[in-house]
Amino acid sequence: MALAFETPILCGDMVRLEALSYEHADALFLAANEDRSAYYYTSVPSSRDDVASYVEGLLRSWRNGEIVPFVQIDAHRGRVVGVTRYMTIRRAALELAPFAVEIGGTWLAASAQRTGINTETKYLLLSHAFEVLGVGRVDLKTDARNDRSRNAIARIGATLEGVLRHWQPSLVPGEEGLLRDSALYSILDTEWPEVREHLRTRVANAPCPHRKSQVERRPFV
């Protein structure tokens with residue numbers, strides 16, 4: 001049985017999410033180097049060799065059935081502006097659909113930040129997770145010191161469950177070998193209808209001339 005998940009195509013008004021491939025490496029290199037000042041708490045490759053290794057690592061994890069990586073494409077400009085993924089995929093057995101996933105590993109080019117793309121990306125990923133995969137829970141987590149990221153997650157409508165002390169290696173430059181505290185948030189399937197309406201309102205109010213988002217529902221398992 002193949003371990004890799006089939007990656008869905010998720011389409012919105014501002015952003016389109018497609019399966020990551022080696023062909024995206026050059027575009028990701030350009031996106032990652034527009035302005036690196038916003039990446040203090042996030043691991044984002046910089047050189048072309050780093051980007052190539054980064055893409056290879058994500059695709060290796062995908063082939064092993066560990067993640068589902070996407071590129072984020074600005075729907076109006078038709079250019080790659082970042083990546084995101086489903087990760088920490090939890091299921092009772094390999095032949096069964098997941099009961100929980102995490103949305104993470106996300107970064108955007110400087111020009112795509114604060115544009116509504118991140119909000120619509122989360123809306124598309126959450127919609128697919130709850131309405132197609134049928135998961136009971138979606139996790140989101142970040143460095144506990146990253147107030148900007150924590151505020152963004154809270155604005156989505158996720159609930160803070162707590163701070164996991166020394167949960168994972170720090171991604172901050174100069175903190176190699178140190179462990180960071182991670183703030184863990186979640187959204188449950190019972191909470192999704194309310195969160196969905198909240199996100200629809202936020203996406204509708206984003207600076208975009210088109211308003212109706214949609215998901216191309218292709219099999220995930």
Side-chain angles (χ1 to χ4, degrees), residues 8 10-17 38-44 67-75 81-90 98-110 112-164 167-168 171 180-208 210-215 220:
L10 308 180
C11 301
D13 296 324
M14 291 171 281
V15 66
R16 183 173 72 255
L17 306 182
Y39 300 145
Y40 185 70
Y41 291 105
T42 306
S43 180
V44 179
I67 67 170
V68 181
F70 299 87
V71 288
Q72 301 179 84
I73 300 174
D74 184 316
V81 292
V83 297
T84 189
R85 60 185 181 263
Y86 288 126
M87 53 196 288
T88 321
I89 300 168
R90 306 197 292 284
F99 62 82
V101 297
E102 177 182 349
I103 295 172
T106 304
W107 60 265
L108 281 170
Q113 296 175 21
R114 296 186 174 90
T115 62
I117 284 179
N118 182 59
T119 299
E120 189 171 51
T121 291
K122 295 300 190 293
Y123 170 72
L124 293 170
L125 291 172
L126 287 165
S127 295
H128 188 76
F130 286 117
E131 298 172 16
V132 179
L133 304 182
V135 301
R137 171 191 174 101
V138 173
D139 296 339
L140 303 102
K141 70 177 186 294
T142 188
D143 192 306
R145 300 166 294 180
N146 191 345
D147 291 336
R148 178 179 173 184
S149 179
R150 292 184 64 169
N151 289 336
I153 293 172
R155 285 196 299 271
I156 291 171
T159 297
L160 174 64
E161 295 198 338
V163 174
L164 307 172
W167 183 252
Q168 64 192 89
L171 302 178
R180 80 175 200 193
D181 296 345
S182 293
L184 177 65
Y185 295 76
S186 68
I187 300 171
L188 305 183
D189 54 352
T190 53
E191 300 165 340
W192 170 236
E194 181 177 354
V195 173
R196 178 179 57 208
E197 293 310 307
H198 167 68
L199 283 176
R200 282 176 175 170
T201 299
R202 293 197 63 202
V203 170
N205 290 332
C208 175
H210 307 289
R211 295 304 180 194
K212 186 178 179 182
S213 298
Q214 60 184 355
V215 177
F220 182 59

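Any value given below was found using the heavy atoms of this structure, including those in side chains, with hydrogens, waters and symmetry copies removed.
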Original post:
Hey, mind stepping through Y41 and R148 against side-chain contact (heavy atoms from CB on, under 4.5 Å) and telling me if it holds?
Top reply: CA-CA 10 Å; Y41 291 105; R148 178 179 173 184; over 6 Å; no
Original post:
Given R202 and Y123, is the side-chain contact (heavy atoms from CB on, under 4.5 Å) satisfied, shown in steps?
Top reply: CA-CA 10 Å; R202 293 197 63 202; Y123 170 72; over 6 Å; no
**OP:** Give the intermediate values and the outcome of side-chain contact (heavy atoms from CB on, under 4.5 Å) for residues K122 and I153.
**Re:** CA-CA 10 Å; K122 295 300 190 293; I153 293 172; over 6 Å; no
Subject >> Full working for side-chain contact (heavy atoms from CB on, under 4.5 Å) between D139 and R90 >> reply: CA-CA 11 Å; D139 296 339; R90 306 197 292 284; 3.2 Å; yes
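At least one side-chain heavy atom of L17 sits under 4.5 Å from a side-chain heavy atom of T121. Here the side chains of I156 and I187 are in contact, with some heavy-atom distance below 4.5 Å. Proximity of L108 to I117: side-chain heavy atoms (C-beta onward) are separated by under 4.5 Å at one or more points. At least one side-chain heavy atom of L160 sits under 4.5 Å from a side-chain heavy atom of R150.
Test N118, T84, T142 against T106 for side-chain hydrogen bond (donor to acceptor under 3.5 Å, both in side chains) and you get one pass: T84.
Listed for the H198 side chain is no donor-acceptor partner under 3.5 Å among the backbone atoms of P193. Here the side chain of E120 pairs a donor or acceptor atom with the backbone of M14 at under 3.5 angstrom. At distances below 3.5 Å, not a single donor-acceptor pair connects side-chain atoms of T42 with backbone N or O atoms of Y39.
Separation of atoms CH2 (W167) and CG (L184) is listed at 8.0 Å; rounding is to 0.5 Å. To the nearest 0.5 angstrom, E194 atom CD is 11.0 Å from L199 atom CG.
Ion pairing of D147 with R145 is absent here, as no side-chain N (NZ or NE/NH1/NH2) approaches a carboxylate O to less than 4.0 Å. Using a cutoff of 4.0 Å between basic side-chain nitrogens and carboxylate oxygens, R196 and E131 are scored as salt-bridged.
Across all non-hydrogen atoms, the minimal contact from S43 to L171 is N-CD1, 3.8 Å. Summarising the geometry of S186 relative to E161, their closest heavy-atom pair is OG-OE2, 2.7 Å, with the distance given to 0.1 Å. The two residues R85 and F70 make their nearest non-hydrogen contact at CA-CD1, 4.2 Å.
Between W192 and F130, the ring-plane angle classifies as parallel under the 30° and 60° cut-offs.
Under 3.5 Å, the side chains of R180 and S182 contain a donor-acceptor pair of N or O atoms.
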